[in-house]
Amino acid sequence: NTELALEHFQKDMEIAEKGDFSDAKSRALYNIGRAHSMMGDYEKALDLWLKRIPLLRSSEESAWLFHEIGRGYWEIGQYTEAMEYGQKSLTAARDGTDQYWQLNACMLVAQTQLKLDELSKAAESFKTSLDLAMIVGDKESQEAIKKALEDVNDRIVAELSTTQPEDTQ
């Protein structure tokens with residue numbers, strides 16, 4: 001039950017703040033935010049996750065949190081912010097050489113570019129995602145990315161065919 005979990009996470013936060021335990025506070029901020037996102041309250045989740053940024057300690061942790069923030073913005077249709085945090089996640093994942101998080105971040109960037117109608121950029125990001133999925137051996141992601149890439153390419157072709165001048169013979 002998410003609401004019960006939320007109560008426990010909030011108690012965790014109270015203890016962390018009283019004892020000035022930064023690791024516990026960081027964990028509680030994430031967990032409370034996650035509970036809110038699971039209930040569809042992305043704005044509250046984002047507020048909490050943004051407060052957690054100063055507590056980040058590693059590239060991997062940054063990649064993961066920035067991805068969550070980017071996904072939250074994506075869910076509420078704030079695609080410019082989603083792109084910003086997707087790029088931050090990708091940079092952090094590359095800094096930490098974590099190919100799994102590079103894949104997640106690159107997928108978020110590609111999906112956001114698609115929403116922003118940046119089709120060529122989305123196609124490139126999906127290609128990079130496919131390469132990463134192959135490197136990490138994620139067959140399920142490979143199939144989903146191939147389908148997404150096919151859909152993007154179809155949209156590019158359709159867009160080109162509607163913007164090409166008619167043959168005037």
Side-chain angles (χ1 to χ4, degrees), residues 2 5 9 22-42 44-159:
T2 307
F9 296 148
S22 63
D23 284 350
K25 182 178 179 181
S26 180
R27 180 187 63 237
L29 283 168
Y30 176 75
N31 288 335
I32 295 168
R34 186 75 183 134
H36 281 288
S37 77
M38 291 174 71
M39 294 186 299
D41 188 354
Y42 296 102
K44 184 66 176 167
L46 286 164
D47 181 53
L48 292 158
W49 290 336
L50 291 167
K51 289 178 183 173
R52 190 173 185 271
I53 292 173
L55 303 172
L56 293 172
R57 299 166 101 196
S58 69
S59 296
E60 289 80 10
E61 186 181 12
S62 297
W64 159 68
L65 182 63
F66 291 150
H67 180 273
E68 291 294 308
I69 292 169
R71 176 57 64 190
Y73 279 124
W74 193 91
E75 291 290 343
I76 61 173
Q78 292 185 12
Y79 301 119
T80 302
E81 292 82 358
M83 178 64 75
E84 176 186 343
Y85 280 94
Q87 293 287 1
K88 285 182 178 187
S89 176
L90 186 55
T91 298
R94 285 179 176 153
D95 289 348
T97 66
D98 187 321
Q99 292 173 323
Y100 173 76
W101 279 109
Q102 287 178 44
L103 170 60
N104 286 321
C106 201
M107 283 297 301
L108 175 59
V109 167
Q111 292 168 336
T112 304
Q113 289 165 330
L114 199 55
K115 287 288 189 180
L116 292 170
D117 227 17
E118 297 173 354
L119 301 181
S120 296
K121 289 179 181 179
E124 286 303 313
S125 294
F126 279 125
K127 287 176 190 172
T128 302
S129 297
L130 182 57
D131 291 342
L132 288 163
M134 292 168 73
I135 289 168
V136 300
D138 187 338
K139 302 262 189 238
E140 189 176 318
S141 288
Q142 289 175 43
E143 293 309 310
I145 294 165
K146 285 177 188 176
K147 173 76 173 101
L149 191 52
E150 188 177 304
D151 292 346
V152 171
N153 286 331
D154 288 347
R155 282 182 60 188
I156 290 171
V157 168
E159 194 173 277

Revision key, fill the gap. Heavy-atom closest pair (Gly86 atom, Val109 atom, distance to 0.1 Å) is C-CG2, 3.6 Å

Point to revise | Pair Asp151 + Arg155, salt bridge at N-O below 4.0 Å | key: no

Check your understanding: Measuring from Gln142:CD to Ser129:OG, what's the distance to the nearest 0.5 Å?
Key -> 11.5 Å

Point to revise | OG1-CD distance between Thr112 and Glu84, expressed to the nearest 0.5 angstrom | key: 11.5 Å

Practice item. Identify whether the distance between the nearest side-chain nitrogen and carboxylate oxygen of Asp131 and Lys127 falls below 4.0 Å. Key: no

Practice item. Evaluate the criterion side-chain contact (heavy atoms from CB on, under 4.5 Å) for residue pair Met107 and Phe126; output intermediate values, then yes/no. Key: CA-CA 7 Å; Met107 283 297 301; Phe126 279 125; 3.7 Å; yes

Point to revise | Euclidean distance, Lys44 NZ relative to Ser37 OG, rounded to 0.5 Å | key: 13.0 Å

**Study point:** Min side-chain heavy-atom separation His36-Ile32 under 4.5 Å
**Key:** yes

Review point. Hey, what do you get for CG (Asn104) to NE2 (His67), rounding to the nearest 0.5 Å?
Key: 4.5 Å

Check your understanding: How many angstroms lie between atom CG of Asp154 and atom CG of Leu119, to the nearest 0.5 angstrom?
Key -> 11.0 Å

Check your understanding: If every non-hydrogen atom of Asp95 is compared with every non-hydrogen atom of Ser59, which pair is closest and at what distance?
Key -> CB-OG, 3.7 Å

Practice item. Check the pair Lys147, Glu143 against salt bridge (Lys or Arg N to Asp or Glu O under 4.0 Å), reporting the backbone distance first and the verdict last. Key: CA-CA 6 Å; Lys147 173 76 173 101; Glu143 293 309 310; over 6 Å; no

Point to revise | Presence of salt bridge, Glu68 and Arg71, under 4.0 angstrom | key: no

Check your understanding: Where is the tightest heavy-atom contact between Arg27 and Arg52, given as atom of each residue plus distance?
Key -> N-NE, 4.4 Å

Check your understanding: Are the side chains of Leu103 and Ile145 in touch, meaning some heavy atoms are under 4.5 Å apart?
Key -> yes

Point to revise | For the student: nearest non-hydrogen atoms of Ala123 and Leu149, plus distance | key: O-CD1, 3.5 Å

**Study point:** Thr128 side chain reached by Gln102 side chain, heavy atoms, under 4.5 Å
**Key:** no

Check your understanding: Does the Ser89 side chain pair with the main chain of Tyr85, one donor and one acceptor, at a distance under 3.5 Å?
Key -> no

Review point. Does the side-chain contact (heavy atoms from CB on, under 4.5 Å) test come out yes or no for Glu118 and Met83, once each step is laid out?
Key: CA-CA 12 Å; Glu118 297 173 354; Met83 178 64 75; 4.2 Å; yes

Practice item. Measure up the Tyr30 and Trp49 rings against each other and bin them: parallel (under 30°), tilted (30 to 60°), perpendicular (over 60°). Key: parallel

Check your understanding: Which is it for Leu65 and Leu29 under the side-chain contact (heavy atoms from CB on, under 4.5 Å) test, yes or no, and what are the steps along the way?
Key -> CA-CA 11 Å; Leu65 182 63; Leu29 283 168; over 6 Å; no

Practice item. Might you point out which heavy atoms bring Trp101 and Ala63 nearest each other, and give the distance in Å? Key: CB-CB, 4.0 Å

Point to revise | Distance (rounded to the nearest 0.5 Å) between Asp138 CG and Gln99 CD | key: 12.5 Å

Exercise for review: Take Phe66 and Ile53, measure what side-chain contact (heavy atoms from CB on, under 4.5 Å) needs, and give me the verdict at the end.
Suggested key: CA-CA 8 Å; Phe66 291 150; Ile53 292 173; 4.0 Å; yes

**Study point:** For the student: nearest non-hydrogen atoms of Ala110 and Ala122, plus distance
**Key:** O-CB, 3.7 Å

